[in-house]
Amino acid sequence: MPRLVSHPDEVKIISRRFGQGAAEIDRYIELDGYKAAQAAIEKGPEWIIAEMKASGLRGRGGAGFPTGMKWSFVPKQSEKPKYVLVNGDESEPGTCKDHLIFLHDPHAVIEGTLIAGLAIGAKMGFIYLRGEYRYLLKIMEKAVADAYAKGFLGKNIFGSGIDFEVVTQTGAGAYEVGEESALMESLEGKRGVPRIKPPFPAVVGLYGGPTVINNAETIATAPHILLMGGEAYAKVGTERNGGTRLFGISGHVERPGVYELPMGFNLKRAIYEVAGGIPGGKKLKAVVPGGSSTPVLLPEEIDVGLDFDQMAKAGTMLGSGGVVVIDESVCMVEFALRTIKFYQHESCGWCIPCREGTDWLKKSITRLHAGGAVDKDIDNIRYLAENMMGRTFCPLGDAAAMPTIGFVKKFRHEFEEHLNGKGCPYEHQREAVLV
Amino acid sequence: MADVTFTVDGKKLTAPAGTLLIDACRKAGIEIPAFCYYPGLSLQAACRMCVVRLEKVPKLQTACTTPVAEGMVVTTESDEIKQSRKAILELLLGNHPLDCPVCDAGGECELQDMTFKYGAAESKYVEIKQHREEQQWSPVVFFDRPRCILCYRCVRVCGEGMDVWALGVQNRGVSSVISPNGEDHLDCEECGMCIDICPVGALTSGTYRYKTRPWEMNHVATVCTHCGDGCKTTLGVRSVDDGSEIIRGDNRDKSGMNGDFLCIKGRYAFDFTTREDRITKPLVRQPNGQLAEVSWEQALEHAGMKLREIRDTRGGSAIGVIGSTRTTNEEAYLLQKFARTVLNTNNIDHHRTADYASFAAALQGKAGRTASLRDFLTAPAILLLGNDATEQHPALAWNIRSNVRQNRARLYVANHADIKLHRQAKSFLQIPQDGYAALVQYLAGNEAGFDGTEISAAFREALRKEESLVIAFGSEFRGRDIQSLVDFGLGLPNVKFAALGDYANSRGAADMGLMPDLLPGYVPLAAAKHFGEEYPSLPSAPGLDMLQMFDAAEAGNLGALYVVGSNPVERYGIDPTALKNTFLIVQDMFMTETAAVADVIFPAANLYEKSGTVTNTYGDLQLAKKAADKAGVRTDFELIVRLADKMGADPKKLVPFGRGVRADMGQTRGAQSGEADRHAVWLAANNLEPKLSPFDPFAVFDEIQRLVPSYNVSRFELLGGQDKQTRSDLVQIELDPARRDLVLPANDTLFTSGTLGRYSRMLHSVMESRTTKPAETAAD
């Protein structure tokens, strides 16, 4: 089991059961488990949605859509069955938060699924884990079985007369399936490619039924919100950015790990105080603030609050909360290359700009890094990425193009140092690049 | 849906709400480029070529997924949009092999056209292109991955359009590749739709690849010669030493009843025209019993003299005539006129594959009751009784599938076998092989003789609620059963019918009176009326039918038999020795079992080598145009006229040339597809155009239109390449209840086509390569 980190600046809401043995259902119940679900059954869907709206909770997957609003979009009446879908396809490089939830607090995911189901009137929920999390499936499956055994799932849950089923499923190892409609395709047993929107999942989702699909962290937060009250949760964060979230701080920091910080927490403080700063007295070179798809920040840009709005103002994104800290020993061209290699490998191939664009970016940056490029190639790389932005079928194209543009814009001098046969100046001091 | 008004490039447009922007624009003449969008197939939005700018929307949007809305303001061409499209093309070309100089699609390639328009001329990359070896998936389908742009049209047309699902995508990202269901080969219906729909040269045809450049062909729009559906097809032809050969079949104008569709036979099975064992010289049996090549003059003289002698000595009743199901209407008409007025005999028949006479009788006086092939694309409900349309009427099956998929038409199928169209059926009823008559009685409310079940009761009930229905029935229905079916159908509010027969002009052969008891238009001999005046020497008694003729021959009572484009010896299992005392004249392309025992063989042209009209099994009349040419062969039309001439008849009486209004169609080439009719121009320039000749089929078509009222359709539209439905109500016949049932279904599959199929190497190679039967290949 990975080492859990802790820091006094943390506000532990979603992580408060981490390390407490809450994967066992009895322990979970001791720690206020399934109380929120019972309250939700008692008070009904309108109360749930009102609390969720009051909490200011925004989707933790990266896009930051208000969760309460998303749930309220699902039509009350539907000919087809409604579904709740938990997106545990956590694949964005730099992100490792859902992993801890599944590991330490699986019942929070189940309880959150149940609450979402009650809110929208669904009778079934699916918990979808990324293929590489297969080892977590056992934990989830045991938790689901225990919940069934207690009568918290299945027919007549908590003796309320309401039925609710939960099914777990793993992917087959595709980043693309983290995109909600591709995840639904995958869950239906098809090739993991995204669907045309509209219709949106709230109207036509899994198996054609109205579907709420939320990130695992979002879902696991719901029980806590109902327990502490939406307004109290909202107060923890900043305006329009309620509550806390899990930040996975990795890279060149003294104490890497997942920390739960209030929304709006200062990024610089998070790096230097919470995560203990840069080891070895080295200088900070760059920070990727929210998973590999978010544009890079320079050291002078990191005095900024970690919430959706402040990050957008800083020209980047809060993303999935995966903060990657890069010190001066890292070649930014190689970092860009490592990033684009990931997206090239993970492009589903559906649309032309992403399929071909990521491949040409990878090829061009590879050549540049090896010294085989001339000045024009830097412009070409930027031209390529700019022509992918906003042109692809799903956001994966943007996820590949956005950071690339950022790297070229902010570190052009490093790209230039590689040109005309010179090759990588960092070659001699290379360490493992942490992405 | 209500109309909405929106603005595109400053132009105010109106379209029904919900129309896709790309369709609305194209209708208004604003071309929006697209690779993956294809009308009638599911949306992909994968190629990103159709991006447009919508006012107040931050990103460019794909026109193929945007429904028009009131007040929408759209820009379809701007610097930003051009750049976006150009960038897509640059990406595609980056990995494209650019082997345009040898690519089949060169000159007909959407990638070329778009590159030409958006100018992605600069190579931005120096890295090695992705390469994969070309694959052969079947004898007729080749796949060249590097050329593929992954538009998924092939995947969709195979799955959604054909309901075969033989193609899919393997791997992901830049390694994505279109793959066949048999790992390295296709198990499918081999329709070639994937090749047709491919916007580039990634999928190529085994019969066409690397043979020519598209612009070196002439393109002739004509009608397929194989089954009874009468698909419109465009044949690509080019000059060769001994005429002009067909090198490609497709349907690029898509205006036909078959829309996008052609099956394996229409697309590839034209290779019988160039078989080296094709007969190209007249043959006459010598005193030593051997056939020997002779001159046309000798052969015609010999045959004509013999026929004249037998007619004059033994009477016309000692001569029999067997016509073809694949000659034109004009040839069929001319043949029966020749039999009845020159040979003085009613001993005439053809291989009947459906009981069109009973069908005509059942529908007489009922206007608008025959269903065109087009009706199956639009009818809200369809009842298919008998027949396996997927195998025997592929275009009908295509139209039914399209209708079910696009318009949610309700399909009812009753069959003795679990046919593939079961999958599209709302309701399917499996009945005993001999249970069709009882089924019709049951549907009409008569329970006796039919084992009713809950399923059949629901089937009947749903059917009776239909307010507009087309009924197609196979050759399982004959005689009185057709009458009962029509009676049942007419009890429903709005019903049309189609009788399914097997060959390109089976219907025409019956319509044109290739029967011993019926004149053209199903006029009974007993009520010949105006035919009596037109055909001065018309014998009044019905002649011998197909089987009676062979009985007569065996008994020594048939002095001569004239067989045009038919192989009765094989088809009816006739013992050839039965013909030893009969002077046998055969017109054919090949040394068939019948030709092998002939006394005279005339090498004949096929439907692709002549002009005229043909009628498909639904009664849709179409123009067939001469595409190919083969030195040494002559059309059946010409041969009949020359034979009559040799017998001393006046050709002008047989073919009323000089009275007509249209010049010989036989020489017009390519004009329909908008290309210069170079041959006609040359003929006219040299004053060689035979304006009106005894070999002009349209002189006979004039007479058909005059004497067969149901064929009196718009000549202008017919010549413009449109299909015209013949009328069912103008027939007046009273069939003898004791009339013999001579229907013998061909039972062709997708991969056979009577004699033509036997002589198509391509069809054979496909059949040999197959490991699965088509109905079993589907994924679901």
Side-chain angles (χ1 to χ4, degrees), chain A residues 172-177 182 190-199 341-368 372-374 376-377 379-381 383-398 400, chain B residues 20 34-36 42-51 53 57-62 64-67 80-81 83-96 111 120 122-130 148-152 155 168-178 779:
Chain A
Y175 172 78
E176 177 57 32
V177 169
K190 301 177 199 151
R191 203 176 152 75
V193 292
R195 294 178 180 172
I196 292 170
K197 292 181 224 172
K341 268 184 177 168
F342 173 80
Y343 289 105
Q344 188 267 357
H345 181 69
E346 293 296 343
S347 171
C348 78
W350 183 252
C351 70
I352 295 168
C354 176
R355 178 180 76 230
E356 306 288 335
T358 51
D359 191 49
W360 285 115
L361 277 176
K362 177 188 141 185
K363 286 178 177 170
S364 302
I365 299 175
T366 305
R367 171 164 51 90
L368 190 142
V374 294
K376 193 178 79 171
D377 288 304
D379 295 327
N380 260 346
I381 288 166
Y383 170 90
L384 250 172
E386 281 173 351
N387 277 291
M388 283 168 68
M389 274 297 290
R391 308 280 164 74
T392 53
F393 188 99
C394 82
L396 190 143
D398 290 352
Chain B
L20 293 174
F35 289 120
C36 68
S42 65
L43 301 178
Q44 310 288 285
C47 76
R48 319 307 285 178
M49 282 299 286
C50 68
V51 288
R53 164 110 358 243
V57 178
K59 283 186 189 178
L60 294 178
Q61 298 293 308
T62 46
C64 71
T65 56
T66 306
E80 170 198 36
I81 292 166
Q83 173 53 40
S84 180
R85 292 175 183 162
K86 183 179 163 186
I88 298 287
L89 291 167
E90 283 167 349
L91 288 170
L92 283 178
L93 296 176
N95 264 329
H96 195 81
L111 183 58
E122 192 192 346
S123 289
K124 287 191 158 40
Y125 318 110
V126 298
E127 278 75 18
I128 293 168
K129 292 170 190 272
Q130 295 256 338
C148 174
I149 60 169
L150 286 167
C151 66
Y152 316 112
V155 176
V169 188
Q170 255 184 359
N171 306 340
R172 75 176 180 211
V174 78
S175 308
S176 299
V177 60
I178 303 292

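Residue numbering restarts at 1 for every chain, and letters A, B, ... go by the order of the sequence lines. Because the structure is predicted, anything quoted here is derived from the model rather than measured.
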Pair A:Gln344-A:Asp359, side-chain donor/acceptor within less than 3.5 Å: yes
Report which part of A:Arg191 has an atom under 4.5 Å of a heavy atom belonging to chain B: side chain, backbone, both, or neither. side chain
Atom NZ of A:Lys341 and atom NZ of A:Lys363: how far apart are they, to the nearest 0.5 Å? 13.5 Å
Let me know if A:Asp398 has heavy atoms under 4.5 Å from chain B in its side chain, its backbone, both or neither. side chain
Quick check on B:Val174 against chain A: is it the side chain, the backbone, both or neither that has a heavy atom closer than 4.5 Å? both
Side chain / backbone / both / neither for B:Thr65 at chain A, heavy atoms under 4.5 Å: side chain
Portion of B:Gln83 that has a non-hydrogen atom of chain A nearer than 4.5 angstrom: both
Without swapping roles, check the side chain of B:Arg53 against the backbone of B:Gln61 for a donor-acceptor pair under 3.5 Å. no
Honestly, the part of B:Lys124 sitting under 4.5 Å from a heavy atom of chain A is both
Distance-only check: which donor-acceptor pairs under 3.5 Å involve side-chain atoms of residues 348-355 of chain A, not counting sequence neighbours?
residue: A:Trp350; atom: NE1; partner: B:Gln44; partner atom: O; Å: 3.1
residue: A:Arg355; atom: NH1; partner: A:Gly349; partner atom: O; Å: 3.0
residue: A:Arg355; atom: NH2; partner: B:Ile149; partner atom: O; Å: 3.1

Counting only N and O atoms by type, is there a donor-acceptor contact under 3.5 Å from the side chain of B:Lys129 to the main-chain atoms of B:Leu93? yes
Side chain from CB out, backbone as N, CA, C, O: work out which of these in A:Glu346 comes under 4.5 Å of a heavy atom of chain B, or both, or neither. both
Using a cut-off of under 4.5 Å on heavy-atom pairs, state which of A:Trp360, A:Tyr383, A:Phe393 scores highest against chain B. A:Trp360
Give the member of B:Val51, B:Thr62, B:Leu92 that has the highest number of heavy-atom pairs under 4.5 Å with chain A. B:Leu92
Looking only at atom types and distance, does a side-chain atom of A:Arg367 sit under 3.5 Å from a main-chain N or O of A:Ala373, one as donor and one as acceptor? no
Can you say whether A:Thr392 sits under 4.5 Å from chain B via the side chain, the backbone, both, or neither, judging by heavy atoms? backbone
Any donor-acceptor N/O pair, B:Asn95 side chain to B:Gln130 backbone, under 3.5 Å: yes
